[in-house]
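I have placed the structure first, in the form of structure tokens, so that the comments after it can refer back to it.
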Amino acid sequence: MKLLAIDCVANLCAACVYDTAAGKELGRSVLDLGKGHAEHLMAVIDGALKAGATDYAGLGAIAVSTGPGSFTGLRVGVSAARGLALALKIPAIGVTTLEALAAGATATFPGRAVLAALDAGREEIHAALYDETSVLIYGPAVTTLSEAAAMAADISAVIAGTAAMQIAASAGRAFDIGPTTATADIAVYARLAATKGAGEKPKPLYLRSADAKPQAGFILSRQDHDPAKRELVSGKDHGPKENKS
């Protein structure tokens with residue numbers, strides 16, 4: 001079976017075609033964009049299909065990175081994967097950024113526990129811990145730098161992701177370090193998806209809510225048509241207005 005994998009969680013807009021039976025990549029297309037994934041993703045997919053000498057009809061599944069990562073990039077990638085899967089009547093398979101980073105580290109350091117960790121800003125870390133057999137034992141979750149350092153030190157884990165060097169510095173000791181990027185190589189997503197098979201439809205993994213939130217003191221109250229019961233915008237009832245007529 002030929003599988004198409006796509007990744008938009010970070011700066012890269014990437015796609016590759018993967019032969020699940022042979023366990024090898026057939027072709028890829030990757031752009032380092034920063035922004036603009038929505039405008040370029042379909043062209044990147046077309047490039048990967050051409051490089052893999054196939055077309056949409058030749059695909060048996062779609063794999064997609066589900067985050068954590070860029071809010072916009074996640075929505076673009078997951079929406080595209082689900083839309084293509086629906087149109088082609090094939091499964092869509094989600095793979096988290098953290099498990100892909102951990103798999104990349106395992107390829108270099110087999111038989112080791114891995115802490116995949118991304119710098120989320122605000123002194124927070126998005127983390128997932130995998131044991132020596134790649135079984136998830138913690139997360140994905142939001143944690144602190146000190147907590148992540150303690151987890152890594154407790155089991156001498158390999159560390160992967162953008163927070164790897166910070167965690168090592170916080171722990172004050174040396175660690176084996178895997179990929180320190182914000183996302184894994186696109187072929188890793190394809191390989192992991194090939195081992196999962198069909199399941200629930202992929203959805204973005206948001207470990208932290210969006211920054212924009214309404215201010216509670218300025219939420220509009222439901223208005224009553226009776227002036228005597230009307231509440232002001234502040235949400236406080238100051239009674240009926242004085243009739244000056």
Side-chain angles (χ1 to χ4, degrees), residues 3-18 28-49 56 59 61-104 116-122 124-128 136 139-143 160-163 179 181-194 196-214:
L3 176 149
L4 172 70
I6 59 179
D7 173 28
C8 297
V9 301
N11 285 352
L12 299 182
C13 184
C16 83
V17 177
Y18 187 83
R28 68 168 58 196
S29 178
V30 179
L31 291 179
D32 191 346
L33 295 175
K35 296 181 180 180
H37 295 79
E39 292 81 3
H40 295 278
L41 178 57
M42 297 313 297
V44 168
I45 290 174
D46 286 341
L49 292 174
Y56 287 106
L59 299 175
I62 309 287
V64 62
S65 53
T66 58
S70 159
F71 273 68
T72 301
L74 285 177
R75 289 194 295 271
V76 169
V78 171
S79 296
R82 291 180 61 159
L84 287 172
L86 180 64
L88 298 172
K89 295 181 172 59
I90 58 178
I93 304 165
V95 178
T96 73
T97 313
L98 295 170
E99 64 182 310
L101 286 167
L118 296 170
D119 182 1
R122 301 179 183 175
E124 293 179 342
I125 304 292
H126 289 169
L136 179 66
V142 179
T143 189
T162 56
T181 50
T183 188
D185 184 81
I186 186 62
V188 176
Y189 288 101
R191 177 168 56 82
L192 289 175
K196 287 188 172 191
E200 293 184 3
K201 293 179 180 179
K203 57 184 179 180
L205 174 61
Y206 297 134
L207 295 182
R208 187 171 69 195
S209 59
D211 291 339
K213 294 181 180 179

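- Taking all atoms of both residues into account, the shortest heavy-atom contact from Ile45 to Leu4 is CG2-CD2, 3.7 Å.
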query = When you look at Leu12 and Thr181, which way does the side chain to side chain contact (heavy atoms under 4.5 Å, CB included) test go after all the steps?
reply = CA-CA 11 Å; Leu12 299 182; Thr181 50; over 6 Å; no
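- Pairing each heavy atom of Pro91 with each of Ala85, the nearest pair is C-CB, 4.1 Å.
- How far CG of Leu31 is from NE2 of His40: 7.0 Å, rounded to the nearest 0.5 Å.
- Within the 4.5 Å cutoff, the side chain of Val64 has no heavy atoms near those of the Tyr189 side chain.
- In this structure, CG on Leu205 lies 8.0 Å from CG on Leu74, to the nearest 0.5 angstrom.
- Asp32 is not listed as a side-chain neighbour of Val30, based on a closest heavy-atom distance of 4.5 Å or more.
- The line from CG of Leu118 to CG of Leu98 is 5.0 Å long, rounded to the nearest 0.5 Å.
- Listed for the Arg82 side chain is a donor-acceptor partner under 3.5 Å among the backbone atoms of Pro202.
- Shown here are the side chain to side chain contact (heavy atoms under 4.5 Å, CB included) partners of Ala103, two or more places apart in sequence or in another chain: Val188, Arg191, Leu192.
- Residue Cys13 comes nearest to Cys8 through the heavy atom pair SG-SG, 4.3 Å, listed as atom of the first residue, atom of the second, then distance.
- Summarising the geometry of Pro179 relative to Gly104, their closest heavy-atom pair is CD-C, 4.1 Å, with the distance given to 0.1 Å.
- A heavy-atom distance below 4.5 Å is found between the side chains of Val142 and His126.
- With rounding to the nearest 0.5 Å, the separation of CG in Asp119 from CD1 in Ile125 is 5.0 Å.
- Atom CD1 of Ile186 is separated from atom CD1 of Ile6 by 8.0 Å, given to the nearest 0.5 angstrom.
- Remark: Lys203 engages no residue in a salt bridge (Lys or Arg N to Asp or Glu O under 4.0 Å) (not counting sequence neighbours).
- Between Asp7 and Ser65 the shortest heavy-atom distance is OD1-OG, 2.5 Å.
- Between the His37 side chain and the Ala10 main chain, a donor and an acceptor come within less than 3.5 Å of each other.
- Across all non-hydrogen atoms, the minimal contact from Ala80 to Leu41 is CB-CD2, 3.5 Å.
- By the side chain to side chain donor-acceptor pair (under 3.5 Å) test, Thr143 is found to be paired with Glu147, residues two or more places apart in sequence or in another chain being considered.
- You'll find the side chain of Leu59 reaches within 4.5 Å of the side chain of Leu49, heavy atoms only.
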